[in-house]
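To start, the structure itself, in structure tokens.
Values below: all heavy atoms of this structure, side chains included; hydrogens, waters and symmetry mates excluded. Naming convention: chains lettered A, B, ... in sequence-line order (proteins, then strands); numbering from 1 in each chain. A quick note: this is a predicted structure, and the numbers were derived from the prediction, not measured.
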Amino acid sequence: MAARRVPLVLLACGSFNPITNQHMRLFELARDHMHSTGQYQVVGGIVSPVSDSYGKQGLVLAKHRVAMAELALQSSNWVTVDEWESQQPDWTETVVTMRYHYGRILKEYERSVGMHNNSNPSPQLKLLCGADFLDTFKIPGLWRDDHVEELVGHFGLVCVSRGELQPERAVHESDLLSYHRHNIFHVREWVKNETSATEVRRALRRGLSVKYLLPDSVIEYIHRHNLYTEDSEMRNKSAVLRPLVKQAQEPVKSLDD
Amino acid sequence: MEGHSITKVVLLACGSFNPITNMHMRMFELARDHLEDTGQYKVVRGIISPVGDAYKKKGLIEACHRLEMTRLATESSDWVMVDSWESLQPEWVETAKVVRHHYEELLEAEQNFDDVDTIKYAKKRRIEENYHKHRDGLQLMLLCGADVLESFGIPNMWKQEDIAEIVGRHGLVCITRSNSDPYKFIHQSDLLWKYRKNIHIVREWVTNDISATHVRRSLRRGQSVRYLLPDSVIHYIKEHDLYSSESEQKNADVVLAPLQRYTGASSS
């Protein structure tokens with residue numbers, strides 16, 4: 001008897017400053033890949049823009065970033081935007097956001113399936129990210145060890161890269177990541193596409209076209225609200241990234257509490 | 001009026017567009033930004049001219065589909081449009097002829113705009129005179145990728161006089177990716193070097209390699225191509241069930257039209 005596929009939800013955390021076609025491609029590529037393993041059924045995707053208190057340079061107001069993501073995802077029938085993280089008073093650790101969403105997903109699932117049906121596998125939530133994300137684990141003070149453990153060990157990562165071997169090397173070079181390598185899924189986008197939100201903001205500052213890099217509705221929103229100027233890019237210029245400050249101060253409840 | 005005059009430019013892109021992708025559309029945007037940034041040009045129109053079926057490229061699906069997909073993709077653009085003339089010709093048409101055709105049409109449109117003389121032969125003569133004179137007023141430039149520029153070097157792919165006409169009398173706007181060196185290629189060709197002032201190289205700092213080949217491959221494998229091309233084009237492809245393993249085998253054992261034509265001529 002064939003094993004039932006695990007219902008899977010993909011969560012992407014990030015600035016989405018602004019959301020681009022490249023971000024939305026990540027979901028498409030990840031879904032195709034996870035389906036092709038034969039073990040998963042991707043049932044949803046969540047875009048979770050970071051809150052303003054993240055303190056990253058050039059970050060425009062969360063309300064705009066959420067609105068743009070909503071416009072971009074209007075035509076998607078499986079990926080949605082979630083405002084929870086952006087509305088928290090302080091920056092939220094990625095695992096805390098994951099725990100929140102997983103709790104909702106589980107509750108929803110149990111409600112629709114019924115608690116006593118043991119033959120169906122429980123849903124899973126995995127973090128969807130780009131190749132550069134794995135390298136951020138090395139940055140001192142940005143991640144807590146127990147969080148990385150929970151993120152890759154308990155939840156899991158779906159990491160999309162552009163055909164280079166850098167993400168696999170990053171896993172190889174970290175004992176912690178290596179230990180959980182079975183829970184880190186590598187998805188390759190063979191098409192080299194370096195169109196990042198940074199490049200989009202740069203083009204907008206210089207009055208250059210960004211058409212076909214992000215949906216027309218998002219471009220229109222940007223022009224209407226005059227987002228992404230030289231001034232907006234100077235925001236938070238001398239600020240320290242919030243995670244570096246917060247995590248030096250106090251610990252967060254771990255999974256065992 | 002003193003001071004420099006701004007030349008109006010129309011960009012013409014020839015190719016398979018099999019299918020059209022966001023990368024094709026981006027080329028127009030990049031070219032326009034680049035030319036207008038020089039302060040010497042104003043890009044007034046973009047024309048996409050899909051090649052005819054007689055080109056015989058492997059995997060080339062019917063022109064009627066490629067035209068419609070391109071039309072759908074240009075719907076949201078207020079300056080780029082699709083043109084069917086080339087695809088409707090019974091035989092494959094050399095790019096230089098396509099350029100010539102569109103340039104003549106543009107000149108005629110300009111003529112009609114300010115011409116009250118309705119005598120046909122006088123108009124025709126005026127068009128021929130203005131073919132050279134109008135260079136300052138309106139220019140048609142061929143928009144292409146670095147691969148087209150480099151194809152000038154492939155034996156029997158282009159006639160030398162055609163290259164001379166395109167870069168000499170008109171102009172070339174070439175979008176390059178970071179892994180090619182167009183300047184070196186121009187330097188190594190006496191013909192291109194002669195007309196280097198008419199060759200505009202647009203450096204694509206941000207690589208965007210969404211090739212139609214990759215799109216067709218993904219479609220064959222049932223993988224998502226969402227956000228690589230407009231939704232309306234994807235919808236059309238699904239609706240008409242285009243791009244399968246069968247469609248990719250089309251023309252597999254046939255020789256590309258230009259190679260067939262020029263190889264035949266050189267052997268006579």
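The residue among B:H34, B:E29, B:R226 with the most heavy atom pairs within less than 4.5 Å of chain A is B:R226.
B:L228 approaches A:R25 most closely through the heavy-atom pair CD2-NE, 3.4 Å.
Proximity to chain A (any heavy atom under 4.5 Å) is shown, for B:S218, by neither the backbone nor the side chain. Contact of A:S36 with chain B is not made at all, since no heavy-atom distance falls under 4.5 Å. If you measure heavy-atom distances from A:N21 to chain B, the contacts under 4.5 Å come from both the backbone and the side chain. Both the backbone and the side chain of A:S75 come within contact range of chain B, with heavy atoms under 4.5 Å apart.
The backbone N or O of A:S209 sits less than 3.5 Å from a side-chain atom of B:D33, completing a donor-acceptor pair. For A:K211 (side chain) and B:M25 (main-chain N/O), no donor-acceptor pair under 3.5 Å exists by modelled atom type. Between the A:D32 side chain and the B:S224 main chain, a donor and an acceptor come within less than 3.5 Å of each other.
Residues of residues 215-233 of chain A lying within less than 4.5 angstrom of chain B, judged on heavy atoms, are A:D216 in numerical order.
Counting heavy atoms of neighbouring residues, nucleotides and ligands inside a 6.0 Å radius, atom NE2 of B:H235 does not exceed 12 of them. Annotation: B:K57, atom NZ; neighbour count of heavy atoms from other residues, nucleotides and ligands within 6.0 Å does not exceed 12. Taking a 6.0 Å sphere around CZ of B:R45, one finds it holds 12 or fewer heavy atoms contributed by other residues, nucleotides or ligands. By the 6.0 Å contact criterion, NZ on B:K58 is enclosed, its count of non-hydrogen atoms from other residues, nucleotides or ligands being greater than 12.
Exactly one of A:H23, A:M24, A:Q22 qualifies for a side-chain contact (heavy atoms from CB on, under 4.5 Å) with B:Y227. That residue is A:M24.
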